[in-house]
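All of these numbers come straight from a predicted model, not from anything done at the bench.
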Amino acid sequence: MAYEILKSIVDAEEQALKMKQQAAEDAKTLKTKANEQSSFLLDNIRKEGLHGIDTAAKQAAEDSRMAIQGIRRDAEETCLKIRSQAAEKKEEAIQAIIGKVVGTYGSC
């Protein structure tokens with residue numbers, strides 16, 4: 001009977017040692033998988049971040065281009081209005097100068 005008790009103790013210790021070794025192997029495997037997954041996730045996040053930056057930059061460039069076109073169009077319209085106003089007043093200015101010159105120095 002003592003032999004059986006000793007044998008069961010030795011068997012239990014061997015089983016405990018095997019379980020401990022298996023747990024260490026499982027932990028190592030889990031750690032490796034976790035490192036691989038974290039690297040994969042970090043790469044994905046990095047790619048998504050770069051894509052987001054690229055998208056935002058393209059959108060900002062497009063918005064700027066549209067704003068510049070609007071400013072340019074407004075400036076061209078303003079220039080056309082000024083030219084039109086100048087053309088309308090050109091004849092008045094010519095007549096005023098002729099009147100001053102002819103009226104002052106002329107025979108009128």
Participant: List in chain and number order the residues that pass side chain to side chain contact (heavy atoms under 4.5 Å, CB included) with Gln69, two or more places apart in sequence or in another chain; answer none if no residue qualifies.
Facilitator: Arg65, Met66
Participant: Examine distances only and state if a side-chain atom of Thr29 and a backbone atom of Glu25 form a donor-acceptor pair shorter than 3.5 Å.
Facilitator: yes
Participant: What distance separates Ser8 OG from Gln15 CD, expressed to the nearest 0.5 Å?
Facilitator: 11.0 Å
Participant: Rounded to the nearest 0.5 Å, how far does CD of Glu36 lie from OG1 of Thr32?
Facilitator: 6.5 Å
Participant: Donor-acceptor pairs under 3.5 Å, side chain of residues 37-51 to any protein atom, not counting sequence neighbours: which ones?
Facilitator:
unit_1	atom_1	unit_2	atom_2	d
Ser38	OG	Ala34	O	3.2
Ser38	OG	Asn35	O	2.9
Ser39	OG	Asn35	O	3.0

Participant: Verify the neighbour count for atom CD of Glu77: are there more than 12 heavy atoms of other residues, nucleotides or ligands below 6.0 Å?
Facilitator: yes
Participant: For Lys7, which residues count as a salt bridge (Lys or Arg N to Asp or Glu O under 4.0 Å) partner, sequence neighbours excluded?
Facilitator: Asp11
Participant: Going from NZ on Lys31 to NZ on Lys28, what distance comes out if it is rounded to the nearest 0.5 angstrom?
Facilitator: 9.5 Å
Participant: Side chains of Glu91 and Gln95: any donor to acceptor distance under 3.5 Å?
Facilitator: yes
